[in-house]
Amino acid sequence: MSSRSSFSRSSVLALGLAAAGSFVTAAPCDIYAAGNTPCIAAHSTTRALYSKYTGALYQLKRGSDNTTTNIAPKSAGSVANSAAQDTFCSGTTCLITMVYDQSGRENHLTQAPPGGFRGPESNGYDNLAGAIGAPVTLNGQKAYGVFISPGTGYRNNKVSGSATGDAAEGMYAVLDGTHYNGACCFDYGNAETNSLDTGDGHMEAIYYGDNTIWGSGSGSGPWVMADLENGLFSGQGAKQNTADPSITYRFLTAIVKGEPGTWAIRGGNSASGALSTFYSGARPSGYDPMHKEGAIILGIGGDNSNGAQGTFYEGVMTSGYPTDATENSVQADIVAAKYATTSLVSGPAYTVGGSVSFKATTPGFTDRYLAHTGATVNTQVVSSSSSTALKQSASWIIRTGLGNSGCYSFESKDTAGSYIRHFNFALQVAANDGSKAFKEDATFCPQSGLSGSGSSLRAWGYPTRWIRHFANVGYIASNGGVHDFDAANSFNNDATWSTSTGLA
Ligand code: AHR
Ligand code: AHR
């Protein structure tokens, strides 16, 4: 051990290093460096991961003029300047185009290119994340995470300094433990450099979700597992490792690390307490030695499988196998960052149990309301002299969000137990089947109207999409996306509704 490393032990750093006469709290990558397992990539839209970092955290692109801007910490080592995002994105839509690498190696994450699976963009790329889907506070200061919907993904296939072959590495990510699904694969970590499945052992990434095709932990999930390619592993050979628990934390610290012959999964509550080790031991058969390639993925599988969902707040990749003690110090820093939830909605108030009607605001269409004809959600001309039946078809009961209690669901006034949901991005009125997918698809987060008045209704699970009328039919539409109903022309007006008490 060199004198330098023995001086800068993580325990010392975790307590704070004297710098220029004042105390500076060590950030995750300072702690990893002190443990001789430095970050080779550090990604976060919420905060600096080095105590001295002042550079850009992420890049946004807005729909109004397609210009971009960078969001940086408010000061060295601090929380992201979310007010700068709110100003830049005011009255329009915003996408996260890039998550910068804070390590200095320029291992930035950008829109994932087509791989074994093609993305939904017309050029086969994955979608970009919406900028406002994952608001949080850190020590009371607002920031935004990266909300990954199915079809969304980020990648860097030309990474400098990452582990290749059987070399040692570590990684952690802070995730939303309540946002997951069973599709392949919400991952963060090391993957193929050509976006194709090149075989067992060509990946080593954190996976989070309740996929049971390859492996599982105890209970019904979701679990932290490792995506080692052609397999999500909760432990060594056996499909199920009951020491890998179902996660219920809102904020989750997930860890995967690997070195020749050994790997581990660890995890804990990002808001309090310590990490636990869910697995540590030998590699599964066929995965020893490893054949890591060194790309970095976020939100997708190694071959660009992009059906999964999840939320990423921060994470790093290291060179070398971090000690448990180093990771424990990182966890203490994450807890000290004080992640907490904040409101998902803004604009006009919605009162649970009340009724609401949504009037179109697009010039030429302001005699129309969001209504339904059978299962089809559309806009229809409704006036005071309309029939009660028509007024009822344009009236909705406000319910607590079925998929997220911070948002709302809209039950049909004329068909009790049926709600507005989206399916293949078209709106339907459908009976609640009790499934997680139904509940999430029937959850909308109102915000101040995109056109400057009234209300816009963001799809909770697709925060790039809002309830919009297009050719008098209802969709969840993204501003300038690939479908005809995503047309940028008239987007803000079509996605802004004037609300009133239900017509009937
Ligand atoms: O290992 C699980 C998945 O299998 C990988 O992410 C993907 O590349 C393959 O389809
Ligand atoms: O509407 C988009 C998606 O289409 C829904 O989330 C899903 O249920 C369906 O496949």
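We count ligands from 1, going down the list as the structure has it; atoms in each ligand are counted the same way. Predicted model, so just to flag it, every value in this text is computed and none were measured.
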> Any idea how Tyr279 and Trp263 line up, ring-wise: parallel (<30°), tilted (30 to 60°), or perpendicular (>60°)?
Replying inline: tilted
> Is the backbone N or O of Ala80 less than 3.5 Å from a side-chain atom of Arg47, with the two atoms forming a donor-acceptor pair by type?
Replying inline: no
Run through all N or O atoms in ligand 1 and write down each protein N or O closer than 3.5 Å, as a pair with its distance.
from, atom 1, to, atom 2, distance (Å)
ligand 1, 1 (O), Asp227, OD1, 2.6
ligand 1, 1 (O), Asn230, N, 2.8
ligand 1, 1 (O), Gly231, N, 2.9
ligand 1, 4 (O), Glu229, OE1, 3.2
ligand 1, 6 (O), Asp227, OD2, 2.6
ligand 1, 6 (O), Gly302, N, 3.1
ligand 1, 8 (O), Glu229, OE1, 2.9
ligand 1, 8 (O), Glu229, OE2, 2.9
ligand 1, 8 (O), Gly302, N, 3.4
ligand 1, 8 (O), Asp303, N, 3.0
ligand 1, 8 (O), Asp303, OD1, 3.2
ligand 1, 10 (O), Asp303, OD2, 2.7

> Considering the options Trp460, Tyr475, Tyr462, Phe410, which one meets the ring-ring contact (aromatic ring centres under 6.0 Å, His included) requirement together with His422?
Replying inline: Tyr462
>> Working note: Asp486 + Arg465, criterion salt bridge (charged side-chain N to carboxylate O under 4.0 Å, His left out); need CA distance, chi angles, decisive distance, verdict.
In response: CA-CA 9 Å; Asp486 294 327; Arg465 296 183 172 276; 3.0 Å; yes
> Does Lys292 reach the main-chain N or O of Ala167 with its side chain, forming a donor-acceptor pair under 3.5 Å?
Replying inline: yes
> Do Arg458 side-chain atoms and Val345 backbone N/O form a donor-acceptor pair below 3.5 Å?
Replying inline: no
